[in-house]
Student: 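Mind having a look at this structure? Questions to follow.
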Amino acid sequence: MAPVLDELAGQAVAGAHRAIARLITLVEDERADVNAEVAAALTPHAGRARVIGLTGPPGVGKSTTTSALITALRAAGHRVGVLAIDPSSPFSGGALLGDRIRMTEHAVDDGVFIRSMATRGQLGGLAVATPQAVRVLDAAGFDVVLVETVGVGQSEVDVVRLADTTVVLLAPGMGDGIQAAKAGVLEIADVFVVNKADRDGAEVTVRDLEQMIAMSRRGIRGPSWRQPVVRTVAADGSGITDMLGALDRHASWLLDTGELERRRARRAAEEIQAIALRGLRAELGRLSGGDRLEELAREVAVGRTDSYAAAARLVDLLKRA
């Protein structure tokens, strides 16, 4: 490992916030060689943090809930790392920092580290570098890592592939939106939170969720996790203790059933696959630069060969490269 990276990794493992921030900046640059060195240095120190994902439609109060959850976790003695995934700026490509601004009350707490990350056009609610950034925070000794997604709607399901526990937040007034979103974020929840529960319609939202959960469990035999529905008013902290209790019960269930190990194995498999695919795309780009892809494309365009045969030849070229 390069001396500078080696020093940064050591400082990050020791909990130095500046080193943690610099490492996350480095992994966001998505240089394969740097990411490989960072992963090699940090992996022996990682694997202990609980990773909790928070997602849901815009306007449900994800950032306010995250901030209230940080307060509760700190009161319980936990060090907390937060990755707030924000939309990318159309000008700089960086994060718009809205989530971080709403968590400024924790800025002076050495037991909390908050980082905004830009999606940079990535779909699914996360940034490409989020898994590596989680590893940085995990290795830095944070007990809990909170990942707050962008909040783009029902297709925002990538967080379930990253988190040990996924929280889906909703708010009163969604009405038929629950059924409309059922095929998306609602099916990935381990814990449901109905925020802004002091508003009219909260009981209807809770009832709709509980009915949906009951319907989805028909035919399930044997013990399994039944998603709780927690009411909160994050703006004043109401219900956050109940939310934390639900998260703790799910953490215990994960350990007792072996599901935690299975989820983390699936996460590792998907990360390996993603890294391998990025490497293959880089090789494909190198071949494209050598005009081989363009030659094959011209053959397909004029009918000399078909796209499947051309793809097979391209794969063969990659194997021999």
Side-chain angles (χ1 to χ4, degrees), residues 15 17 20-21 24 49-87 95-119 125-127 130 133-134 136-138 140-152 156 159 162-172 185 189-199 202 228-248 250-251:
H17 281 209
I20 294 168
I24 293 178
R50 288 169 57 190
V51 183
I52 299 173
L54 296 100
T55 190
V60 297
K62 287 192 298 297
S63 296
T64 305
T65 302
T66 300
S67 183
L69 187 56
I70 294 170
T71 299
L73 288 165
R74 290 295 292 141
H78 299 299
R79 296 183 68 232
V80 185
V82 182
L83 296 174
I85 315 302
D86 277 337
L96 293 176
L97 303 181
D99 291 327
R100 192 170 183 180
I101 290 169
R102 286 187 286 273
M103 300 179 202
T104 51
E105 63 186 280
H106 305 289
V108 296
D109 186 346
D110 287 339
V112 178
F113 180 91
I114 301 170
R115 176 65 175 250
S116 291
M117 298 183 71
T119 57
L126 299 180
T130 305
V134 167
V136 173
L137 296 178
D138 187 357
F142 291 99
D143 305 303
V144 180
V145 177
L146 303 178
V147 180
E148 181 193 327
T149 69
V150 171
V152 293
E156 188 184 302
V159 68
L162 180 67
D164 300 322
T165 300
T166 300
V167 179
V168 171
L169 288 98
L170 298 169
V185 293
D190 296 306
V191 175
F192 289 106
V193 171
V194 177
N195 191 35
K196 306 180 183 180
D198 55 341
R199 295 186 177 181
V229 180
V230 181
R231 299 167 177 82
T232 63
V233 182
D236 63 14
S238 300
I240 297 300
T241 300
D242 294 335
M243 179 183 176
L244 187 56
L247 293 172
D248 287 342
H250 187 251

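Computed from heavy atoms alone, side chains included, the values below leave out hydrogens, waters and symmetry copies. In this chain, residues are counted from 1 in sequence order.
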Student: Would you say the side chain of L69 lies within less than 4.5 Å of the side chain of V144, judging by non-hydrogen atoms?
Tutor: no
Student: Taking the side chain from D190 and the backbone from T166, do they hold a donor-acceptor pair closer than 3.5 Å?
Tutor: yes
Student: Between D242 and V230 (side chain of the first, backbone of the second, donor and acceptor by atom type, cut-off under 3.5 Å), is there such a pair?
Tutor: no
Student: I need the L83 CG to T66 OG1 distance, nearest 0.5 Å.
Tutor: 11.0 Å
Student: Considering non-hydrogen atoms only, spot the tightest contact between D138 and V145 and give its length.
Tutor: N-CG2, 4.4 Å
Student: Going by heavy atoms in the side chains, are T71 and H106 under 4.5 Å from each other?
Tutor: yes
Student: Relative to the ring of F142, is the ring of H17 parallel (under 30°), tilted (30 to 60°) or perpendicular (over 60°)?
Tutor: tilted
Student: So, for A163 and G53, which heavy atoms are closest and what is the spacing to 0.1 Å?
Tutor: CB-N, 3.5 Å
Student: Sub-3.5 Å donor-acceptor pair from the side chain of R74 to the main-chain atoms of V80, do we have one?
Tutor: no
Student: Hey, could you give me the OG1/CG distance between T65 and L169, rounded to the nearest 0.5 Å?
Tutor: 5.0 Å
Student: To the nearest 0.5 Å, what is the distance between CG (L54) and CG (N195)?
Tutor: 11.0 Å
Student: Say you draw a straight line from NE2 of H250 to CG of D164; how long is it, rounded to the nearest 0.5 Å?
Tutor: 9.0 Å
Student: Considering non-hydrogen atoms only, spot the tightest contact between G59 and K196 and give its length.
Tutor: O-NZ, 2.5 Å
Student: What is the minimum heavy-atom distance between R231 and A197, and which atoms define it?
Tutor: CB-CB, 3.8 Å
Student: List in chain and number order the residues that pass side-chain hydrogen bond (donor to acceptor under 3.5 Å, both in side chains) with D248, two or more places apart in sequence or in another chain; answer none if no residue qualifies.
Tutor: R50
Student: What's the shortest heavy-atom distance between A202 and V194, and which atoms?
Tutor: O-CG1, 4.5 Å
Student: To the nearest 0.5 Å, tell me how far D198 CG sits from T232 OG1.
Tutor: 9.5 Å
Student: Looking only at non-hydrogen atoms, find the nearest pair between E105 and S67 and report the distance.
Tutor: OE2-OG, 3.1 Å
Student: Once side-chain hydrogen bond (donor to acceptor under 3.5 Å, both in side chains) is applied, do any residues pair with D236, and if so which ones, sequence neighbours excluded?
Tutor: S238
Student: What's the separation between atom CZ in R79 and atom CG in L137, rounded to the nearest 0.5 Å?
Tutor: 9.5 Å
